[in-house]
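Quick caveat, the model's predicted, so the values are computed rather than measured. We count ligands from 1, going down the list as the structure has it; atoms in each ligand are counted the same way.
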Amino acid sequence: MSWILNFQLSPEEAQNDAFIRKLISNEQQFKNEIFDYKWHKKSIDARSRNIKINASFLVTLKNEIVVEKKSFFEVQDVSKSEEFAIIGAGPAGLFAALRAIELGLKPIVFERGKDVRSRRRDLAKLNKESIVNPESNYCFGEGGAGTYSDGKLYTRSKKRGDLLKTLEWFVEFGADPMILVDAHPHIGTNKLPHVIVAMREKIIECGGEVHFDSKLTDIFFENNEITGLEINHSAHYNFKNIILATGHSARDIFHLLNKKGIEIQAKGFALGVRIEHTQDQIDKIQYHGRLSDDTLTPASYALVTQVEDKGVYSFCMCPGGIIAPCATNQDEVVTNGWSPSKRNNPYANSGIVVTIEPSDFPNYEKNPFVCLEFQQEVERNCWEAAGKTQKVPVQCLQDFIDGKISKEIPRSSYQPGFVSLDLNKILPEIISKRLKKAFLDFGKKMNGFLTNDAVLHAPESRTSSPVQVPRNPETFEHIRVKGLYPCAEGAGYAGGIISAAIDGMKCVEAIITKLAN
Ligand SMILES: Cc1cc2nc3c(=O)[nH]c(=O)nc-3n(C[C@H](O)[C@H](O)[C@H](O)COP(=O)(O)OP(=O)(O)OC[C@H]3O[C@@H](n4cnc5c(N)ncnc54)[C@H](O)[C@@H]3O)c2cc1C
C-alpha cells in the first residue's frame, strides 16, 4: 500500500532528506515503521514573503513489494508493417513516429534539416558569424524548434492522460524524472538533444525510418486522395497517408499547399519584442527581495493585459536564459529564448507580444497570407534597420516608452550583437502603441519590472503559425484532401512542445482508426 502525504515546507526543508523522513515518521501510519518515499508533486508558493514549497510525497512501507512500471514505451518491430510518411522531425513528428510504433504502423520521417550534432555547427555559425542556413537553424533540424529551447513542458490542454504520456516518454528517453513531479517542468537546451537522439534511435531500432536533409518539395493527390510526395525536388515516393508536421516557420510549405490548390487560411498569431532583465531583478520582484539559490529555482513570471481590444502577454519566459537568433532566412531578424537545465545564466528573458488577427488587415478573407506577410515584413524591417546582419535592434524599456534612442545598453545575451535604435520607428504602430501601455500596466503588477535596465529586442514574431491548414475535427484529415493530416503548430493545432507532441500522437491514432474501418 502507498500513501500520498502533503506538506508545506520551506525551500531549505524541501532539500533536506533527514527532515522529510522525520516529518513522515511523525505520521501515525509510519510510526516505528521502515518506509520509503519519493516526490510526487512539487510547486513553489511565493505569494507571501514566507516562500513555501508545496510538497507531495508518495510513501510506501519498505517491506512491501512495489511493482514499478519498468518502461513507459511499448516496443515492437514495425519494419514490415504498413508505411506512412511524417514530414518534420519536431516534437509532433517524433511523437507521431513513436505512437505509430506502439500501434503497429511503420513511420517514415522526412526532415529537411540535419541531425542534432551537425545542426549544432550551423547554430555556432549563426551566433558567431551571422550566417543563417535556411535548412538548419534554431527552427529547422532534428527535434524541430523544440531542440534548442528552454524545454518548458507546460500546456493548457486539460487532458491529463495525454500530458502524462508525453512527459513519461520524455523520461523514457532520458529526461529527469522530476519533470513528472514539478508543477512547471522543463528540460533545458543541454539535455534536450540527448533525449531527441534517443527517440530517433528507438524509432530506427523498431523498424521505422528517419531521413535528414530531406525536404518535402511537392505533394501529389488524385480525386482528393493523397498518392505520394516529392523530396528535394527529385525523389518520388508513394504514400496514402502523410502527416504534415512542418512547424510554424516552413513558409515554403504554406506556399506549396496554396499553389497545389490545397485550402489554407490566414490565422491570428502574436508579435512584439523579447525583453531581458537580469535574473536577480526578477528573483527580487517575485521572491520579495530574495535571490534564487540551490533551494529555490530562478523565478519566472506570466503577465497578461488587454490594451484597446487586444491581448498583450508574456510568451515563453526563460529564467536563467539566453536570447537566441531564430531567423530561418538571411534577410530577417527573429528572436526567441532558451535556457539550460539549471537555468543558471544571469539573464531572464521573455517575449511580450500583442495578438494580431486576420481582420486587422484589409482583404483578409481573400488572402491567406495576410498575417504571414505582416510577420515577414516586421522581421525584414528589423533586419534592414540593424544593418542587414543578424544583429538585433534594441532599446531600453523606459527609453522605448519615452521614444528616445538608448545611449547605453546595459547588456544583452543575444550573441550576434545588437544596434541601439528607436523600436517605435521600426515596429508597426498597432504593436508599439499597445506594448507601451502594456508595459505601464506590467510595471504596476510587478514592482521593479518597468526599469530602463531592462532591454527590449525586436522582434519576437514566431509565436504561433500565421496560417491554418483546415482539417476535419473528427478524422484529422485536411477538409478536402483525404490522407493529408495537417498536424501541430504549423497547421495551427498546437502551441508549444507538449501540445505539438500530443497532436502528433492524435494524428497517428486517426490514421489507425481510418485503416481499421
Ligand atoms: C528558441 C525556441 C525556444 C522555445 N521554447 C519552448 C519552450 O520552452 N516550451 C515550449 O513548449 N515550446 C517552446 N518553443 C516552441 C516549440 O519549440 C514549438 O512549439 C514546437 O517545437 C512545435 O512543434 P512542431 O513539431 O509542431 O514543429 P517544429 O518543432 O517547428 O518542427 C517542424 C519540423 O519540420 C521540419 N520541416 C519544415 N519544413 C519541412 C519540409 N518541407 N520538409 C521536411 N521537413 C520540414 C523542420 O525542419 C522542423 O524540424 C520554442 C521555440 C524556439 C524556436
Side-chain angles (χ1 to χ4, degrees), residues 85-97 109-116 119 123 133-157 166 184-189 192 196 210-219 229-233 242-257 274 300 315-319 321-328 334-339 343 349-351 460-465 486-505 507:
I86 299 173
I87 314 300
L94 290 174
F95 275 73
V109 183
F110 296 101
E111 165 56 52
R112 76 194 293 162
K114 301 178 186 174
D115 65 280
V116 161
R119 191 177 169 190
L123 299 187
N133 180 339
E135 310 302 340
S136 175
N137 44 59
Y138 275 95
C139 294
F140 296 161
E142 185 176 18
T147 309
Y148 298 98
S149 72
D150 186 31
K152 281 179 286 295
L153 302 176
Y154 331 147
T155 176
R156 271 172 282 178
S157 164
T166 316
H184 291 108
H186 92 117
I187 298 182
T189 307
L192 268 161
I196 300 293
V210 182
H211 301 273
F212 295 112
D213 298 305
S214 299
K215 176 158 88 170
L216 176 80
T217 45
D218 209 346
I219 295 180
L229 52 79
E230 179 194 78
I231 297 294
N232 295 338
H233 298 289
I242 300 174
I243 292 185
L244 191 65
T246 42
H248 59 31
S249 290
R251 290 173 175 160
D252 48 353
I253 287 295
F254 300 134
H255 285 287
L256 170 67
L257 296 176
R274 188 152 278 263
S300 63
F315 169 79
C316 187
M317 198 264 148
C318 294
I322 295 284
I323 300 183
C326 293
T328 44
V334 178
T335 63
N336 203 315
W338 61 262
S339 62
R343 288 181 161 162
N349 68 68
S350 175
E460 169 85 30
S461 49
R462 307 278 175 98
T463 49
S464 70
S465 182
C487 179
E489 191 154 54
Y493 299 101
I497 295 170
I498 290 285
S499 59
I502 290 174
D503 202 53
M505 294 197 281
C507 284

Nearest heavy atom to [atom] wins, so pick from [options].
atom                    : options          : answer
atom 32 (C) of ligand 1 : A245, G144, A250 : A245
atom 8 (O) of ligand 1  : M317, K152, R251 : K152
atom 10 (C) of ligand 1 : L256, I497, T147 : I497

Closest protein heavy atom (residue, atom, distance) for atom 40 (C) of ligand 1: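 Going atom by atom, the protein heavy atom closest to atom 40 (C) of ligand 1 ends up being L216 N, 3.6 Å.
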
Write out the residue and atom name of the closest protein heavy atom to atom 47 (O) of ligand 1, then the distance separating them to 0.1 Å.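 Ranking protein heavy atoms by distance from atom 47 (O) of ligand 1, first comes E111 OE2, 2.5 Å.
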
Please collect all salt bridge (Lys or Arg N to Asp or Glu O under 4.0 Å) contacts where either partner lies in residues 486-499, sequence neighbours excluded, each pair once.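 Passing the test, one end in residues 486-499: no pairs.
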
Report yes if some N/O of R112 lies less than 3.5 Å from some N/O of ligand 1; otherwise report no.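 Yes, at least one N or O pair falls under 3.5 Å.
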
Is the closest N or O pair between D252 and ligand 1 shorter than 3.5 Å?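 No, since none of the N or O atoms of D252 sits under 3.5 Å from an N or O of ligand 1.
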
Just to check, does [X] reach to within less than 4.0 Å of ligand 1 when the distance is taken from its heavy atoms?
X    : value
G337 : yes
C316 : yes
Y148 : yes

When you check the gap from the basic side-chain N to the acidic O, do E135 and K215 get nearer than 4.0 Å?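 Salt bridge flag = yes for K215 with E135.
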
Specify whether Y138 and Y148 have parallel, tilted or perpendicular ring planes, treating 30° as the upper limit for parallel and 60° as the lower limit for perpendicular.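 Correct class here is perpendicular.
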
